[in-house]
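Please read the structure below before turning to the comments.
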Amino acid sequence: MISTKISPRTLRQLGIRADILRSVSAMAMETPTREDALTTKPLFSVTPACERNQDELSVKIGRGFEQRHVGPGPREQRAMLETLGFTTIDELIDQTVPESIRLRGNLQIADAMTEAEMREEFERIAKKNEPFTSFIGMGYHNCFTPGPILRDVLMNPGWHTQYSPYQAEISQGRLQSLLNFQTMVSDLTGLPVANSSLLDEATAACESLSLMMNGTKGKRNKVLVDSKCHPQTIACLQTRAGNKNIDVLVIQKKEMAEVMDKKTVGVIVQYPDTEGNMNDISELVNCVHDNGGLVSMATDLLALSIIKSPGELNADVAFGSSQRLGIPMYLGGPAAAFFATRTDFARQVPGRIVGVSKDVNGKQALRLSLQAREQHIRREKATSNVCTAQALLANATAMWGVYHGPEGMVEIAESIHHAALVVAHGAQLAGHKVVTENFFDTMKIDVGEEKAIILKKAHQARINLRDYNNESCIGIALDDTVTRDQIDMLLLILGSPKMVADLDEMDLDDIDKNSIASSNFVRKTSFMEHEVFKMVRSELELVRYIKELERSDLSMVHSMIPLGSCTMKLNASSELEYLSMPEFTNSHPFAPEWQTRGWKQIFNELENDLAEITGYDKVSLQPNSGAQGEYAGLAAINAYHKSNGDKRGICLIPTSAHGTNPASATMAGLKVKAVKVNSDGSINLDSLKGELHKHQGNVSSIMVTYPSTFGVFDEDISDICGLVHDVGGQVYLDGANLNAQMGLSRPGKYGADVSHLNLHKTFAIPHGGGGPGAGPIGVRAHLAPFLPSHPVMPGSNHKTSFGSVSAAPYGNAGVLPISWSMIKMLGPEGLRHSSEIAILNANYMRKRLDGYYQVLYTGSHGMCAHEFIIDLRPFKKTCGIGALDVAKRLMDYGFHAPTMSWPVPDTLMIEPTESEAKAELDRYCDALISIREEIAAIENGYVSKVDNVLKNAPHTMESVLFGDWDHSYTRKKATFPAPWQHNGNKFWPTSSRLDDTYGDRNLICSCPPMSSYK
Amino acid sequence: MSLFTRRFVQNFITSQFTRQLSVTHRHFGLLFTDDHEWVKVDNGVALIGISQHAADALGDIVYVELPETGEEVSKGDDIGVIESVKSVGNIISPVSGEITEINEELADDAAVVNRYPFEEGWLVKIVMSDESELEELMDEEKYAEFCAEEAG
């Protein structure tokens, strides 16, 4: 035991963990509390570590997490370093990361916790959250998440570690599930084209505004927004429109027709609205259409199962959140927003659309359609900057739909509606006025002077109601978890003389009169008629359906997914522990702050840790995707310039940037000017100087990625920042490649002003097959006042903030603990080591492939950063083989392709991450080398240019088992090209190569009839 | 064409395309822009399309968005979009004037632009307001040289 005589400072100098230090001081100074005893007693021991100096002590408790997170062990690391000609990792890093930007010394964050400690920490923090039952509504509802969906989809790495389904042949499972989601959305909204999710309801509203602006003719400069939209929807719309110079008029629906004119792009209304009311908007719709405008509707899918659809009401766009269809609230996210529109606007739809096509053998197969709309191709002219959305949650919601089917959904909706009718009736009996005339599940009740008492009684019953500030009203929104006891409790709180059991025939008659079934709003059209929503009812059937789809998809549970710029690393189980804890699942984002202290502790610590890691002064966790972070960062820059009385409209972007950069700049109202890059991938300084000179007083910012998108640590990054600062511009540094920098260099310290961090890349949030993500931004102090705020939970900076970018105050709050726990379990050394090994792994692969493929760009010492590009362009000339062929052939070897044809056409960009062990890196290299030999055989004329293993890849089981085999190579060579596949564990692609052209020329984006599945 | 497409084209062009240009039949009287569009002038009316190698570089074209007739455009304006499976290019007006006709057939079959970029795959007709703008365009020979240079 450490003697209490050792002063805390001495302990600190010895590098002993800060939190243990606190416990030790607590033990020394006061009676030990039970909590302290629990954390320290059974584990505490101090041992001199043999590697360290004799006079240093180190505390070693349990087995560290780092060895689980980092793939190669010490022996493997030595072997890999030897291959590269180094003896220590420091030598490699010295040759890779420019001296001028190196961080010397450790990050000042807490030392690593073990996995066992993290489990306890989660439990301890969970206790700080008070899981009240929230009937607040406002876009977030309790709901029952069926066990198989929570466990077999959300928490299952077979579903959450997948990449976005660009490689369709090994992604048919989630493509099918996303198509189910689109079909559900399209059927329920009555609008034929739906996408496969957006980030949240408020951002979906902003996307609908973009569609309206693009979809209407003539110069239009204002939009009418329903004052009964959720406040967060209005706030995000105001922020977005403000950046695009569109006026937002927030008015009541009944006032809209008066101000509607040919300068108005249209109206955005909510149905049922934030107070729960449904209005007849048929006249308004006609008026808008007569003026050439469009109608966009925020709505609720569960309500739509029993009320008329937006399509039937002639709306042009419908959007909203599907959270209540099976997804826990998680303090506001993640959940899938949906977006549907008319067929003629298909090309204006933001985000990913799954479409039906066929493979080369004519078999029906799914793929992402109309990609040319999206930011990665169309850049500043894209319909939206959205890329990562909420694929995992859309899949979970689709499974919820498959499980319940249309009749189950109606049953759930009706039971909620009936509960709401009973509560409303009770409120009336108690003498209150139910303000909401036509409701589904949400009502606003004027309770007069009794408001304080009612809220107090609710508090005692551990229930949150919506508090309409400055009004004598409360709001109640019911959901599918409501029990009869809870209804009685609500009746009691409202002061109703009758409980549920006391209701008589007359009461029931009264209740019936107010029901949707007796109103004009009742839905008469069918929905979700497709077989897929009828075939599963029992839990076994659902589990098997989930498994069936999962089996078609290659994910991280099969093999490495070395997607350059996407950082597909370990998503550790220990980081996901909390996902099923009720203290985290049931938190409403607008619950009083004191109920969410555990969450806040995590957010504060995460903000501080991220600020330390990036060298920035302040971090905002609100942006819920990387692209959203870019937009938020640029909006903060806009606000900063404005506060200086500066109007600057030009954003400089290198031609090698991610497509999201120019798309985000456009969204932030900036004009994009391209900066050339040199043939080695670095920014062309002459071009930059030229642009800066040309636009000097008007340069708002530059967006640079570091290490560059070509995977190189350019030496002159600080100079670039300096040049831009000299003309008064700001530096936005895209944090997509932060995985090469943790503990090694810090953007905030070498010249950048703002960065977003992709927590779903660098900080271990699972990719989810295309979301959830999180894109917090870090800023230097001068930008801090302008960081995002929130209309319902305003931060300290709400007066200076540029506005809001996400529906919830902390964006995808529910996944932030993953990154928090990863940082806590790795600690300063573990983080630095992760980046070091990410660089080692990349350079090791680069070295192994050297001689087989041309590596396109490296730094001044011949090293790449954490990723590198191999050139396949020569093979086009020598034998007609391209990147696509190699990507598809990798599937036959059981691998997912690296990033294809980006940032250079017909190349592959490989990013192995630190989590892959040497054996897996070797297998991937062996596969690529073997493929190189297959290419050589074509080049040398031994094999046909048309009929070969590459052109025909991938090979499905059907293609080798059935029919005649008339190829020039054997079935074995086609499907078992590598020795490691002979263990009975072969991954089979389920489709042959997709016909992309057919799918784009014949857009079908909902489930086709079962008969077409052959 | 947009910057992206141009980069795409540059990276894509191989000796094959340049060869194709020189050996396939010549298109007399066509003028070319460095955005890889062609213009054929007949009595003050400019017929506009994209060149064979732009069409080849774009790949399978799936959608063409064209302006409305009657629209007044200036040289250099974006007047439409050509979308392929993997790429997208803006149609940039090579001349100023009024759009008098668009190729309605492309709405049903955008692939015509791949098959016959110089004939049935034409895009728009513009009644020119300033014929001197034609002077900046290249003849076919110069354009072939331009493409070869771009391919570098």
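Worth saying up front: this structure is predicted, and the values here are computed from it rather than measured. Residue numbers begin at 1 in each chain, while the letters A, B, ... track the order of the sequences. Scope of the values below: all heavy atoms of this structure, side chains included, with no hydrogens, waters or symmetry mates.
- B/S84 contributes atom OG, which lies 10.0 Å from atom CG of A/D996 (distance to the nearest 0.5 angstrom).
- Contacts between B/A111 and chain A at a heavy-atom distance below 4.5 Å involve backbone atoms as well as side-chain atoms.
- A side-chain donor-acceptor contact under 3.5 Å links A/R1001 to the backbone of B/I61.
- Using a 4.5 Å cut-off between heavy atoms, B/N114 touches chain A through its side chain atoms alone.
- Exactly one residue among A/R378, A/E374, A/Q371 makes a side-chain contact (heavy atoms from CB on, under 4.5 Å) with B/V88. That residue is A/R378.
- Ranked by heavy-atom pairs under 4.5 Å with chain A, the list B/V85, B/V81, B/D109 is led by B/V85.
- Within 6.0 Å of CD in B/E105 there are 12 or fewer heavy atoms belonging to other residues, nucleotides or ligands.
- The number of heavy-atom neighbours closer than 6.0 Å to NZ of B/K75, taken from other residues, nucleotides and ligands shown, is above 12.
- For A/K381 and B/D78, the salt-bridge test passes: some basic side-chain N is under 4.0 Å from an acidic carboxylate O.
- Of the charged side-chain nitrogens involved, none lies within less than 4.0 Å of a carboxylate oxygen, so that B/E65 and A/R347 do not count as a salt-bridged pair.
- Residue B/E83 holds its CD atom at 6.5 Å from CG of A/L370, rounded to the nearest 0.5 Å.
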*Given the rule in the side chain to side chain contact (heavy atoms under 4.5 Å, CB included) test, do B/V62 and A/T997 qualify, once you have shown the distances and angles that lead to the verdict?*
CA-CA 7 Å; B/V62 295; A/T997 311; 4.3 Å; yes
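- Once rounded to the nearest 0.5 Å, the distance linking NZ of B/K86 with NE2 of A/H376 reads 12.0 Å.
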